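What follows is a short report on a single structure.
Letters go in sequence order (proteins before strands), and every chain restarts at 1. Bear in mind the structure is a predicted one, so any value in this text is a computation, not a measurement.
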Amino acid sequence: MSILLPIAIGSLFAGAVYLLLRRSVVKLFLGLTLLSHGVNLLIFSMGDGLRRGVPPITAADGTTLPGTTDPLVQALILTAIVISFGILAFILALAYRANQAVKSDDLDDMVTTDRL
Amino acid sequence: MANHLFLPIVSLMVGASLTVLFARQRWLARGIVVGSVLFHLIYSLRLLWVVAAHGRQVSQAGGWLAPFGITFVADGATAIMLAVASLLTLMTVLYSFASLDEGYERYFYYPLILLLLLGVSGAFMTGDLFNLYVWFEVLLLASFGLITLGGTRAQLEGGLKYVVLNLMGSIAFLIGCGLVYGVVGTLNMAHIAERMQTIQQPGIMTAIACIFLFAFGSKAAILPLFFWLPTSYHTPPVAVTAIFSGLLTKVGAYSLYRVFGTVMQNELIHLAPWILTIAWLTMLVGVFGAMAQMNVRRILSFHIVSQIGYSVMGLGLASSLGLAAGLLFTAHVMIVKTALFFIGGAAEQIYGTGDIKKMGGLARREPALAMFWFLGIISLAGLPPMSGFFGKLALLQAGVTQGAWLVTGVATLTGILTLFSMLKIWNEVFWKKSYADVSKLPRVSPGLLLPGALLVIVSLALGLGASVLVDYTTVAGMQLFDQAGYIQSVCGLDGCEAVFQAAIR
């Protein structure tokens, strides 16, 4: 698990960067999706991490009991998932409308606002 | 303990949900928006006074003690930014009444404006790093809606670039939050500041600080990260561009001030030479970009980038003096920039185009518009008696005092170039003879003129009564740079670690 997690995060980021550098809007969207997953896993690796047989519980006084793990990173990830879900849904709708208006999936065709 | 800090947040939430409900009842929705923003303005003006009289105001959400719960903090910098932001939003709403067609009002324009102000206010006041991320997302999502509302091809193209590049900044911010939690084990800004003093490997904090510089820098549009701004800002209606120019990049600049000036001061001192280099490069590239443009709003958009260089210069000086000057300048430029967008937008509305070659002859036909434009550009360029003079003077004084000659020199040069680029608009739009028959064009309505005129008058008043503003920002800069005082206000006299240890025992 502790070896697999960095590999998973690294491959998610690598795949995301690859897709983001493509010219297609759909691949751009997929790249952003992968990127947000990669970041969520990165945050996950910052806490003690969930391990088998270790529940994410803290005592009422804020301490982490022996045999439990810090639940805050899970809470952070949950917030981040919800936010990135909302924004990615918005981008998908926007990409669809842009695709309708420009009649192309190629980002290089969307340059009318860049010209002098 | 001052729980009134949640008042503006809650009132905006209520206002936004009511305007969604009454979106079809045009006048009712307008009334709710004006009432909601007006309340916010009155509250933040009172907050200016309260902070000056009683120092920092701190609220703990749900009564949780500081390092555990979410904290809201208001100091001088917060109060100034809140007051300016609500003033600009009020003017934008008034300008929207005159300039937008009914379709916008029916399709939730006002709720989005209120949510934008909500996100901005939250970002100004929060004392928790992850909470700052959430407020950023609130304001970004509102701005995504505003920039694409209308759905023309240009808006969709510009909006896509705006959304994607801003999302990259947000993701970098999220990575930074995660790493900070992994390294220091807390997200409360005061607690981070306290634990950073005793951290084992300072190198990793420098790396994290660079990630934050990237994240906030891409929101603030500093040099290598500003490309989303000129490609998207001229596409939505003028009112939207104006409020974006006043609020969005400045939230990025304010967050840089808060996170680097208060929380990561050691890193700020490490990175200061780099930040200053970014600052003068941003000033120059922005103003040169503006010179090449021939469209009113595009010229103004590039000037946003250039002015952000000045705000970043205040940060890069890494002292309370520099931060105070930067705050003064940022508050001034928010007001003037929005005013120029209003006036330029009014001219654009008369001619039906923003291409300055096709405009002309407005000085004779609309003398009031021309006069306020002229006052606005000399304020932006930094000539007395407008507020811009004192903003730039404070920055240059701070730069000279600290021996930062290069950035000070470039800042002076950029002031001259700004005047040159603004006079181009003046010559083309107002002074030169029009090619077409001007008398057939529509007159500018008072609703289009007044918001910009009022903001220019505010800028003039701030210039004439500059001593008040300078005194206030000097105190605010000291508060912003006073890390120990910040920790004590948030967590009590013994600091956050004492509260944390007591809770654990």
Open item on the list: What part of B:F144 gets within 4.5 angstrom of chain A, counting heavy atoms only: side chain, backbone, both, or neither?
Closed with: both
Task: Toward chain B: residues of residues 79-92 of chain A with heavy atoms under 4.5 Å - done: A:T79, A:A80, A:I83, A:I87, A:L88, A:F90, A:I91
Task: N/O donor-acceptor pair under 3.5 Å between B:E157 side chain and A:A98 backbone - done: no
Task: Flag side-chain contact, heavy atom, 4.5 Å: A:F13 against B:I175 - done: yes
- [ ] Sort out for me which of B:V163, B:L141, B:V134, B:L174 touches chain A most, counting heavy-atom pairs under 4.5 Å.
- [x] B:L174
Task: Options B:G182, B:C177, B:G185, B:G145, ranked by heavy-atom pairs under 4.5 Å with chain A, top entry - done: B:G182
- [ ] Output the distance between atom CG (A:L94) and atom OH (B:Y162), rounded to the nearest 0.5 Å.
- [x] 12.0 Å
Open item on the list: So B:L160 and A:L107, do their side chains get closer than 4.5 Å, heavy atoms only?
Closed with: yes
Task: Greatest number of heavy atom pairs closer than 4.5 Å to chain A - which of B:T235, B:L179, B:N295 - done: B:L179
- [ ] List the atom of B:M168, the atom of A:L32, and the distance in Å for their closest heavy-atom pair.
- [x] SD-CD2, 4.0 Å
Open item on the list: Quick one, B:Y181 and A:I43 - any side-chain contact, counting heavy atoms below 4.5 Å?
Closed with: no
Open item on the list: Quick check on B:F227 against chain A: is it the side chain, the backbone, both or neither that has a heavy atom closer than 4.5 Å?
Closed with: neither
Task: Region of A:V111 that comes under 4.5 Å of a non-hydrogen atom in chain B - done: backbone
Open item on the list: I need the B:T152 OG1 to A:R97 CZ distance, nearest 0.5 Å.
Closed with: 9.5 Å
Task: Structural part of B:L187 lying under 4.5 Å from a heavy atom of chain A - done: side chain
Open item on the list: Does any backbone or side-chain atom of A:L28 lie under 4.5 Å from a heavy atom of chain B? Answer side chain, backbone, both or neither.
Closed with: side chain
Task: Top contributor to chain B contacts, counting heavy-atom pairs under 4.5 Å, from A:D109, A:L72, A:I77, A:L20 - done: A:L72
TODO: State, to 0.1 Å, how close A:M110 and B:K161 come at their nearest heavy-atom pair, and which atoms those are.
DONE: O-NZ, 2.5 Å
